[in-house]
S.K.: 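Structure incoming, see below.
Note that the coordinates shown come from a computational prediction; the quantities given were computed from them, not determined experimentally. Below, each value reflects all heavy atoms present in this structure, side chains not excepted, and no hydrogens, waters or symmetry copies.
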2 protein chains.
Amino acid sequence: MTAGDPEERQGRVEPGLEPGLDRAILRPVRAHHAFEACVEQLAIAIRLGIYPPGSMLPPERDLAAMLSVSRATLREAITALRSAGVVQTRRGRGGGTIVLDSVPVDEKHSGVKELAGRQDDLRDALDFRAIVEPGAAGLAAARCERDEVSDSERRALETALAAVEDAPDEAIHRRADSILHLTIARLSGSARLITAVTDAQDDLHTLLQAIPVLPRNIRHSSSQHRSIVAAILAGNESRANRVMYQHCSDTAALLRGLLG
Amino acid sequence: MTAGDPEERQGRVEPGLEPGLDRAILRPVRAHHAFEACVEQLAIAIRLGIYPPGSMLPPERDLAAMLSVSRATLREAITALRSAGVVQTRRGRGGGTIVLDSVPVDEKHSGVKELAGRQDDLRDALDFRAIVEPGAAGLAAARCERDEVSDSERRALETALAAVEDAPDEAIHRRADSILHLTIARLSGSARLITAVTDAQDDLHTLLQAIPVLPRNIRHSSSQHRSIVAAILAGNESRANRVMYQHCSDTAALLRGLLG
DNA sequence: GGTCAATGGTTGAACTTCATACCTTTAATC
DNA sequence: GATTAAAGGTATGAAGTTCAACCATTGACC
């Protein structure tokens, strides 16, 4: 059956025309246990500032539903976060799980050492980001152009931009930056892009933790943010795309040095 | 903590500056049972031509490892495929699971009706594809330019292109087309892009099943394929990107009509 | 023709996850 | 201050998943 295979053996036939494609395409159906995956997602949401220090996670029953796990499993995850010192829990009405202020940075986990085993993966992450984020910005602009963006969405974008500019310290700045990018992804209206940008931002976070961010870089970045938001709100798709690409490229250039 | 919230209540605080962002970002940790997810992945691999009719799946032990599930779970999946008439299994040395020729098209599942509940999702899929596939083509070209592409990879690309042109019927053409796109994704060297393109191709498959493909469209598509492959092999990143974008846009325009 | 090795088939115990129901605590609320 | 509702805490059995052996079949190989 395989095209032009001369030996008519009846047995195994190489998959298709592309031997090995299956190894590239089939992916683990379950990387972790459910509760580990929950820990990971919550940790990401906290790192990216979706649940900033001082805020409360949704009630366990709601969170479990959002993550499509049972409450028992979610509670295992929260227990893990609690014993890692990331959150605290209070019972009773008005209680809940609160995100602690000083997310323990785990000194061991900061710095370049952490990046060791992931160099190729993180290079990939930077490439991927430079594809999906400009795509998201472009789509968002296109939706603005077609007037599919509500006023509240527009305001959310401006608020997110302002939050980045007003950030008083590096940690808050980093979170506000992520939120801005995620808000843009949300404006794109694409669930797939939101997922892709979330993943990209988390990888970016990993990399940025390894270096101190210079004021000069922040200024450069802020000016690009303003251009991007302006292009989106003006409905200028190609410009939004182009400036976001530049923004991602600049960051990537800065970071690629870390990866040898 | 919430920006400008006047009431200093100690209780729940809205997540961050972006209420509702969490609902957009947290995703189900497990959509299906493990064995269902296996069925799905295998079905996709078969649909996309990674395991074409007449070919054999890898031994159960290998497949289980690739999908990171136990053999017991994988066997449940294969049993499901078998009773759906998609594959057949022979025991003993040289035995294994073979993909049957006539993948039963499930008449109920073809046609426009199937698309009913997924219109927004499939529109999203087309948008997403028009972002990631050009990105993959561009990266592949860049890798060629930097001479990071082996001869065997170059040949694989040419073979995949030839297979599309030589396809004797619609079903084979469709599979060869998917393989070509996946081969390009593989040449990009990015695991994330391979995943993204695989997903996009499967969604595309869903849509294309609903309409008959006209010879005119095939010719148009083939000429674009040639341009794309040429641009990649020549290491012309921006051209590869641009032509692939055009290719995706043209297909999308054709299909968007189906989605109201 | 006999042996062997590669393949699918089977079993059962340990662990994880789920679904459900119910308990306890505590702040709102009246 | 009593009531109530909203949260976290606990318990239990069913279902799903894993793991590790072992069995059965059959073509490949000598």
Side-chain angles (χ1 to χ4, degrees), chain A residues 7-15 22 28-42 51 55-83 86-100, chain B residues 7-15 22 28-42 51 55-83 86-100:
Chain A
E7 64 205 291
E8 275 288 1
R9 61 169 180 170
Q10 283 199 316
R12 187 165 307 279
V13 176
E14 273 308 302
D22 58 342
V29 126
R30 284 185 181 181
H32 317 290
H33 284 171
F35 95 91
E36 289 172 316
C38 291
V39 170
E40 201 172 298
Q41 281 211 42
L42 291 175
Y51 299 121
S55 70
M56 284 253 189
L57 303 189
E60 292 180 351
R61 289 162 175 86
D62 293 3
L63 252 192
M66 290 189 221
L67 296 170
S68 290
V69 295
S70 71
R71 213 182 132 210
T73 302
L74 173 71
R75 292 189 92 256
E76 271 193 275
I78 289 183
T79 300
L81 289 174
R82 191 166 39 230
S83 60
V86 178
V87 300
Q88 220 175 23
T89 299
R90 281 202 324 262
R91 328 191 354 170
R93 178 163 179 164
T97 299
I98 192 170
V99 179
L100 291 182
Chain B
E7 65 205 287
E8 276 286 1
R9 60 169 182 172
Q10 282 201 317
R12 186 165 308 280
V13 176
E14 273 309 300
D22 58 342
V29 125
R30 284 184 182 182
H32 318 289
H33 286 169
F35 94 91
E36 288 173 317
C38 290
V39 170
E40 200 173 299
Q41 281 212 42
L42 291 174
Y51 299 120
S55 70
M56 285 256 190
L57 302 190
E60 293 180 351
R61 290 165 175 82
D62 294 2
L63 254 191
M66 288 188 222
L67 295 170
S68 290
V69 295
S70 72
R71 217 183 127 209
T73 301
L74 173 71
R75 293 190 90 258
E76 271 193 276
I78 290 184
T79 300
L81 290 174
R82 192 165 40 229
S83 59
V86 178
V87 300
Q88 219 175 24
T89 299
R90 282 202 324 264
R91 320 182 12 158
R93 178 160 181 167
T97 299
I98 192 170
V99 179
L100 290 181

S.K.: Describe the nucleic acid contact of B:A34 in one word from base, sugar-phosphate, nothing, applying a heavy-atom distance below 4.0 Å.
M.R.: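 Sugar-phosphate, backbone atoms only, no base.
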S.K.: Nearest nucleotide by nearest heavy atom, which residue falls closer to the 5' end of DNA chain C, A:R91 or A:L74?
M.R.: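 Final value for this comparison: A:L74.
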S.K.: Round to a whole Å and report the spacing from CG of A:D62 to C1' of D:dA6.
M.R.: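 Rounded to the whole Å, the gap is 11 Å.
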S.K.: Assign each of A:R61 and A:H33 to its nearest nucleotide of DNA chain C by heavy atoms, then name whichever residue's nucleotide is nearer the 5' end.
M.R.: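 The residue whose closest nucleotide sits nearer the 5' end is A:H33.
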S.K.: I need the minimum non-hydrogen distance between B:T89 and B:I78, along with the two atoms involved.
M.R.: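 Taking B:T89 first and B:I78 second, the nearest heavy atoms are OG1-CG2, 4.3 Å.
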S.K.: Look up atom CD1 in A:I98 and atom CZ in A:R82, then write down how far apart they are to the nearest 0.5 Å.
M.R.: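 Answer for the CD1-CZ pair, A:I98 versus A:R82, is 13.0 Å.
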S.K.: May I ask you to evaluate whether A:S70 reaches the phosphate of C:dT17, defined as a side-chain N or O under 4.0 Å from OP1 or OP2?
M.R.: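 Looking at the OP1 and OP2 atoms of C:dT17, neither is under 4.0 Å from any side-chain N or O of A:S70.
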S.K.: Nearest whole angstrom, please: distance from the C1' of D:dG8 to the CG of A:L81.
M.R.: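 Rounded to whole Å, this separation is 16 Å.
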S.K.: Nearest-Å distance, CZ (A:F35) to C1' (C:dT16)?
M.R.: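 These atoms are roughly 10 Å apart.
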S.K.: Could you give the CD-to-P distance, from B:E60 to D:dT18, as a whole number of Å?
M.R.: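 Going from B:E60 (CD) to D:dT18 (P), I get 14 Å.
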S.K.: Heavy atoms only: give me the nearest B:A77-B:F35 pair and the separation to one decimal.
M.R.: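 The answer is CB-O, 3.7 Å.
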S.K.: Could you check how far CD of B:E76 sits from P of C:dG8, rounded to whole Å?
M.R.: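 That distance rounds to 17 Å.
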S.K.: To the nearest Å, how far apart are B:R90 CZ and D:dT26 P?
M.R.: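 Atom-to-atom, B:R90 to D:dT26, this comes out as 11 Å.
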S.K.: Whether the side chain of B:R75 and the base of C:dG8 hold a donor-acceptor pair under 3.5 Å is what I'd like checked.
M.R.: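 Side chain to base: no pair present.
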S.K.: Please state whether the base of D:dG8 and the side chain of A:R93 form at least one donor-acceptor pair under 3.5 Å?
M.R.: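 Counting by modelled atom types and ignoring angles, no donor-acceptor contact under 3.5 Å is found here.
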S.K.: For B:E36 and C:dC18, what is the distance between atoms CD and P respectively, to the nearest whole Å?
M.R.: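 Computing the B:E36:CD to C:dC18:P distance gives 13 Å.
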S.K.: So B:T97 and B:L63, do their side chains get closer than 4.5 Å, heavy atoms only?
M.R.: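 Heavy-atom side-chain distance check fails, nothing below 4.5 Å.
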S.K.: Would you say a side-chain N or O of A:T89 is under 4.0 Å from OP1 or OP2 of D:dG8?
M.R.: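 False: A:T89 side-chain N/O out of range (4.0 Å or more) of D:dG8 OP1/OP2.
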S.K.: Restricting to non-hydrogen atoms, name the atom on A:H32 and the atom on A:E40 that form the minimum distance, rounded to 0.1 Å.
M.R.: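 Residues A:H32 and A:E40, closest heavy atoms: NE2-OE1, 3.1 Å.
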S.K.: So which nucleotide from D:dT10, D:dT18, C:dG8 ends up closest to the side chain of A:R71?
M.R.: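 So the nucleotide nearest the side chain must be D:dT10.
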S.K.: Between D:dT17 and A:R30, is there an OP1 or OP2 to side-chain N/O distance shorter than 4.0 Å?
M.R.: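 A:R30 to D:dT17 OP1/OP2: side-chain N or O found under 4.0 Å.
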S.K.: Taking atom P of C:dG9 as reference, at what distance in whole Å does atom CG of B:L63 sit?
M.R.: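 After rounding, the reported distance stands at 13 Å.
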S.K.: Considering only side-chain heavy atoms of A:T97, which listed nucleotide, D:dG8, C:dT10, D:dG16, is closest?
M.R.: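 For the A:T97 side chain, the nearest candidate turns out to be D:dG8.
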